[in-house]
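Residue numbers count from 1 along this sequence. Side chains included, hydrogens not; waters and symmetry mates left out as well; all remaining heavy atoms used.
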Amino acid sequence: MTQLNRRTILRGMVNGAKVGMALPFLDIFLDVNGEALAATGQRLPVRFGTWIWGCGFIPERWIPTAEGSGYTMPPDLEPLAAYRDQMAIFSGFDVKLDGVANKPHMTGNLGLRTGIPVPTETVRAPTFDVLIGEVIGQGSRFRSIELSASGIERSYSFRGAGSPNPSEVSPVALYQRIFGEGFQDPNAASFTPDPRTMVRRSVLSAVTDDRQRLMRTLGAADRQRMDEYFTSVRQLEQQLELQLQPPAKVENFTMPQAPAETVVDADVEHVMVNHKIMAGLLAQALACNQTRVFNMLFSDTASNLRRSASSDTHHTLTHEEPVNPKLGYQEQVAWFAAKSMVACRDFVDALAGIKEGAGTLLDNTLLFAHSDCSIAKSHAVEGIPMMVIGKAGGRVRTGYHKAGRADAASRVGLSIQQAMGVQVEKWGTGSMDTNRTVTELVA
């Protein structure tokens, strides 16, 4: 068996189990079902997420001139000044190419997230948010939530080659996915399990034996491919178990109101509005344990952002706008770069605005913010800007600027994984292969 069609296989499995249900029914609940298990009365859960902005930065406006804790916030980071002690800024770390062609806006981004020089979206390893999610994501309704604020249905979270986790681009769609059908208010007076959940769990139980028999008939290559798919099925089984349990109450949780319809496009003012709404909804979702892992794409890596009444995108300007001789950089490009940091502040505000225990949701979150390149005009993958924001429940140390001096960017990725509990001693391939953590980061 060299070409496996998952629909055909599961349809045969379901029919063999004589449950009398068509596969589209399975498709529906593979995507949307599960239930939260809040952590009230237990140790507060730790969350992890990434926040991406496209087309890099203006180095002289973003990189602090001093290292360590005694740095001054440069102009573009000034919007985040209130979180200075909760941030670790990383500059001068490189994605090593090892002779692989630099595919603009892709190589740097995926190199950071996989530890591998990656020339295309044929990702050769899971992105590290997936690896972290396998450790901290158990017991939440959604394995992860991906969002894209600029109208592009794109995600840079990959479980396998060519399979990005899908993103939500509309605040209304995001609300419906999280707080619509299947959501159980953790502070409701009573709990009644949805009978459909019991039926769905029975469907999966019925096909378990057939699934195991099928796996025994496959060769090694096909078994590996099918195991990846059935991993999702096993995770669904766990989610359904949670859905049959009453969610624990969540302090300070209030059911959010459904957002009004908004314009979803690349106009930067619309993007800022949608991004802020989505940040608020995601923060509420994290607070009531709908997920513990997320990926927010503020702007695509080849940034499609544009000003109102202008057809020039941020990405186009990085190539075509002349350098202002007085400033020494591209003035309009700098405007978009600065706007991105304002958006980052809005996102962090949403996390910091939710009280949790003696602190805030931000205190129990590790947010990794990064771009896809350093100077977009040259598509440079040397010195890609990166930040860690939040305390991850005390697992990381913040409040400083760390200069990488051309070290592999995978050092930061390795350190983040270790801080989040991934049992990994080294990470990456080729010149990105490292066992050196950023000792300042891991508490």
Side-chain angles (χ1 to χ4, degrees), residues 34-39 42-51 88 110 112-116 123-146 155-160 163-165 227-242 248 282 285-296 351 356-357 361-370 386 388-398 410-428 433-439 441-443:
E35 185 50 45
L37 178 63
Q42 304 175 17
R43 183 179 177 85
L44 290 168
V46 176
R47 292 79 161 194
F48 173 77
T50 67
W51 191 91
L110 292 179
L112 285 180
R113 300 174 73 90
T114 65
I116 304 171
V123 183
R124 289 178 287 165
T127 48
F128 71 163
D129 60 289
V130 171
L131 299 175
I132 292 170
E134 290 175 353
V135 175
I136 70 168
Q138 303 299 319
S140 61
R141 182 182 176 195
F142 297 105
R143 183 170 56 194
S144 65
I145 293 178
E146 281 66 46
S155 165
Y156 296 105
S157 170
F158 286 81
R159 182 161 295 273
S163 301
N165 291 318
D227 186 63
E228 180 181 327
Y229 175 67
F230 285 134
T231 295
S232 298
V233 177
R234 286 190 291 272
Q235 289 171 338
L236 178 61
E237 291 172 335
Q238 295 168 358
Q239 290 175 339
L240 292 177
E241 289 294 333
L242 291 175
L282 176 65
L286 293 167
C288 63
N289 207 41
Q290 299 300 287
T291 191
R292 295 177 186 173
V293 180
F294 60 89
N295 295 279
M296 180 82 219
L351 300 178
E356 192 168 69
L361 179 60
L362 181 62
D363 292 324
N364 296 302
T365 300
L366 191 159
L367 176 65
F368 179 58
H370 69 89
M386 300 179 284
V388 163
I389 309 174
K391 292 290 189 179
R395 299 185 185 194
V396 296
R397 289 188 288 261
T398 55
S410 50
R411 287 187 62 197
V412 179
L414 173 65
S415 304
I416 288 172
Q417 289 178 73
Q418 289 187 355
M420 299 307 293
V422 179
Q423 298 299 307
V424 57
E425 294 184 0
K426 67 175 186 174
W427 187 60
D433 183 6
T434 185
N435 61 2
R436 297 173 58 215
T437 59
V438 178
T439 56
L441 180 63
V442 183

List the steps, then state whether side chain to side chain contact (heavy atoms under 4.5 Å, CB included) holds for Arg113 with Val123. CA-CA 10 Å; Arg113 300 174 73 90; Val123 183; over 6 Å; no
Between Val135 and Met420, does a side chain to side chain contact (heavy atoms under 4.5 Å, CB included) hold up when you go through it step by step? CA-CA 8 Å; Val135 175; Met420 299 307 293; over 6 Å; no
If you apply the rule side-chain hydrogen bond (donor to acceptor under 3.5 Å, both in side chains), what do you find for Thr127 with Arg159, and how did you get there? CA-CA 7 Å; Thr127 48; Arg159 182 161 295 273; over 6 Å; no
Between Leu44 and Glu356, is a side chain to side chain contact (heavy atoms under 4.5 Å, CB included) present by the stated rule, with each step listed? CA-CA 8 Å; Leu44 290 168; Glu356 192 168 69; 3.7 Å; yes
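The OG1 atom of Thr114 sits 13.5 Å away from atom OH of Tyr156, with the distance rounded to the nearest 0.5 Å. Residue Ile145 holds its CD1 atom at 12.5 Å from OG of Ser155, rounded to the nearest 0.5 Å. For the atom pair Phe368 CZ and Asn295 CG, the distance stands at 11.5 Å (nearest 0.5 Å). One finds the CD atom of Glu425 at 13.0 Å from the CD atom of Gln417 (value rounded to the nearest 0.5 Å).
The main-chain N or O of Asp433 is never found under 3.5 Å from a side-chain atom of Ser410 such that the two would form a donor-acceptor pair. Here the side chain of Ser415 pairs a donor or acceptor atom with the backbone of Val438 at under 3.5 angstrom. Between the side chain of Thr365 and the backbone N or O of Leu367, no donor-acceptor pair lies under 3.5 Å. Judged purely by atom type and a 3.5 angstrom limit, Thr291 uses its side chain to pair as donor or acceptor with the backbone of Phe142. Listed for the Arg47 side chain is a donor-acceptor partner under 3.5 Å among the backbone atoms of Leu286.
Legend: residues meeting side chain to side chain donor-acceptor pair (under 3.5 Å) with Asp363, ordered by chain and number and at least two apart, are Gln86, Thr360. For Arg436, the salt bridge (charged side-chain N to carboxylate O under 4.0 Å, His left out) criterion is met by Asp407, not counting sequence neighbours. Listed by chain and number, the residues in a side chain to side chain donor-acceptor pair (under 3.5 Å) with Thr398 are Lys391 (sequence neighbours excluded).
A donor-acceptor pair shorter than 3.5 Å cannot be found between the side chains of Asn289 and Ser140.
Screening Val442, Leu366, Ile416 for a side-chain contact (heavy atoms from CB on, under 4.5 Å) involving Val396 leaves a single residue, Leu366. The only option from Ile389, Asn364, Leu362, Leu282 that meets the side-chain contact (heavy atoms from CB on, under 4.5 Å) definition with Leu351 turns out to be Leu362.
Ring geometry, Phe128 versus Phe48: the interplanar angle exceeds 60°, so the pair is classed perpendicular (tilted spans 30 to 60°).
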